[in-house]
Trainee: 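One structure, pasted below without further comment.
Everything quoted here is computed from the prediction, not taken from an experiment. Convention: sequence-line order gives letters A, B, ...; per-chain numbering from 1. Values below: every heavy atom of this structure, side chains too, minus hydrogens, waters and symmetry copies.
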There are 2 protein chains.
Amino acid sequence: MVVRYDSEHEEALDQLFRALADRTRRDILRRTMVGEASISTLAADYAMSFAAVQKHVAVLEAAGLVVKSPQGRERVVRAEPERVAEARAALAALEALWHHRLSRLDELFAEDPPSPCKEP
Amino acid sequence: MVVRYDSEHEEALDQLFRALADRTRRDILRRTMVGEASISTLAADYAMSFAAVQKHVAVLEAAGLVVKSPQGRERVVRAEPERVAEARAALAALEALWHHRLSRLDELFAEDPPSPCKEP
DNA sequence: GTAACGTACAACCATTTGGTTGTACGTTAG
DNA sequence: CTAACGTACAACCAAATGGTTGTACGTTAC
């Protein structure tokens with residue numbers, strides 16, 4: 001386990017979190033979580049050009065958070081919840097370090113009973 | 001509950017996820033989760049200038065993921081696990097939409113028993 | 001067949017980001 | 001006291017980001 005932190009995985013996390021760091025993209029993600037929608041349907045609700053929304057969807061797709069599939073003359077977008085779960089797992093791993101730290105502190109207390117911490 | 005999505009909260013999430021979208025910053029976060037460290041201690045391990053690391057710490061601090069406190073002639077950095085938890089909660093909320101969708105599908109199956117889906 | 005729709009993609013622009021170097025300032029060690 | 005250390009901050013630069021408009025192309029409706 002000396003691999004430190006796998007560069008590919010880190011790159012994937014960069015993409016994941018960057019994709020999540022935009023409110024329009026998070027909103028698209030929410031909407032496509034609830035149910036799939038075409039790009040133009042999505043675009044209709046934002047105060048920006050169709051092309052801009054198209055780019056946001058592309059960013060989400062590159063991050064694996066969303067998949068586009070052709071359906072008639074439109075492309076239908078649906079969210080990929082597993083990918084969101086991956087991001088969440090990465091955060092959980094971060095928090096785990098904290099808990100590990102706490103348990104190290106516990107160890108100190110446990111291994112050091114001769115410490116005179118009793119009340120007088 | 002018509003507030004759609006609170007703009008301030010969304011801005012905070014933008015900052016949070018953007019701060020997390022950089023491997024150096026995630027690494028700093030990991031290290032300061034395990035135990036606090038001075039900025040120069042942190043900087044020593046990266047192939048970039050001290051000022052660059054200083055900026056990364058500033059981004060983490062602005063996102064609330066880390067706090068700096070003066071200690072002698074150095075500034076000691078420690079992580080703020082609650083903030084990571086907030087980001088994780090936001091992702092969990094996203095995933096919850098997916099589960100909600102599944103339960104809606106369940107409702108359909110439950111509410112629509114007369115649907116003639118039997119095999120012939 | 002033609003018009004309208006939905007999408008893709010290129011070119012362009014302003015702003016932000018991630019990095020650099022250089023300078024200044026407080027604190028501690030010797 | 002002075003030198004070295006740790007930090008802050010400004011100015012600058014290249015590249016990425018988030019947006020625009022314009023053009024082209026396949027599909028559907030009529």
Trainee: Quick check: on DNA chain C, is the nucleotide nearest R18(A) upstream (toward 5') of the one nearest K68(A), or the reverse? Name the residue that is more 5'.
Mentor: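 In this pair, the answer is K68(A).
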Trainee: Tell me whether the OP1 or OP2 atom of dG6(C) has a side-chain N or O from S38(A) closer than 4.0 Å.
Mentor: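 It does not, given that no N or O in the side chain of S38(A) lies less than 4.0 Å from OP1 or OP2 of dG6(C).
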Trainee: Does a side-chain N or O of Q54(B) approach OP1 or OP2 of dT7(D) to a distance below 4.0 Å, or not?
Mentor: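 False: Q54(B) side-chain N/O out of range (4.0 Å or more) of dT7(D) OP1/OP2.
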Trainee: Nearest heavy-atom pair of Q15(A) and A62(A): which atoms, and what distance?
Mentor: NE2-O, 3.3 Å
Trainee: Could you state the CZ-P distance from F17(B) to dT16(C), rounded to the nearest angstrom?
Mentor: 22 Å
Trainee: Rounded to the nearest 0.5 Å, how far does CZ of R23(B) lie from CG of D14(A)?
Mentor: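 Output value for this atom pair is 4.5 Å.
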Trainee: What is the separation between atom CD1 on I39(B) and atom P on dC9(D), rounded to the nearest whole Å?
Mentor: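 Rounding to the nearest Å, CD1 of I39(B) and P of dC9(D) are 11 Å apart.
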Trainee: Show the nearest heavy-atom pair for residues V77(B) and T32(B), with the distance to one decimal.
Mentor: O-CG2, 3.6 Å
Trainee: Roughly, in whole Å, what's the span from CG in D22(A) to P in dT15(C)?
Mentor: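 Result: 18 Å.
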Trainee: Of all heavy-atom pairs between A12(B) and R83(B), which one has the smallest distance, and what is that distance?
Mentor: CB-NH2, 4.0 Å
Trainee: Between atom CD in E74(B) and atom C1' in dA8(D), what is the gap in whole Å?
Mentor: 15 Å
Trainee: How many whole angstroms separate atom CZ of R75(A) from atom P of dC9(C)?
Mentor: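 To the nearest whole Å, that distance equals 9 Å.
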Trainee: Compare side-chain N and O positions of S40(B) against OP1 and OP2 of dT7(D) and report whether any pair is under 4.0 Å apart.
Mentor: yes
Trainee: If we ignore hydrogens and angles and just use 3.5 Å, is the side chain of R25(B) paired with the main-chain N or O of A19(B) as donor and acceptor?
Mentor: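 Answer holds: yes.
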Trainee: Side chain of M48(A), heavy atoms from C-beta onward: which of dT20(D), dT7(D), dG19(C) has the nearest atom to it?
Mentor: dT20(D)
Trainee: Figure out the NZ/P separation between K55(A) and dT17(D), and round it to whole Å.
Mentor: 11 Å
Trainee: Nearest whole Å is fine: how far is dT23(C) P from F50(B) CZ?
Mentor: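 Whole-Å distance recorded here is 17 Å.
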Trainee: For Y46(B) versus D27(B), what's the shortest heavy-atom pair and its separation?
Mentor: OH-OD2, 2.7 Å
Trainee: Could you identify the nucleotide paired to dC5(D), looking across every strand shown and requiring Watson-Crick or G-U wobble geometry with both distances under 3.5 Å?
Mentor: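 Its partner is dG26(C) (Watson-Crick or G-U wobble, both distances under 3.5 Å).
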Trainee: In whole Å, I'd like the distance from the CG atom of L20(A) to the P atom of dT17(D).
Mentor: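 Those two atoms, CG and P, are 14 Å apart.
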Trainee: Show the nearest heavy-atom pair for residues F17(A) and A87(A), with the distance to one decimal.
Mentor: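 It is CZ-O, 3.9 Å.
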Trainee: Look for any protein N or O under 3.5 Å of an N or O in nucleotides 24-29 of chain D and output each such pair with its distance, or none.
Mentor:
none

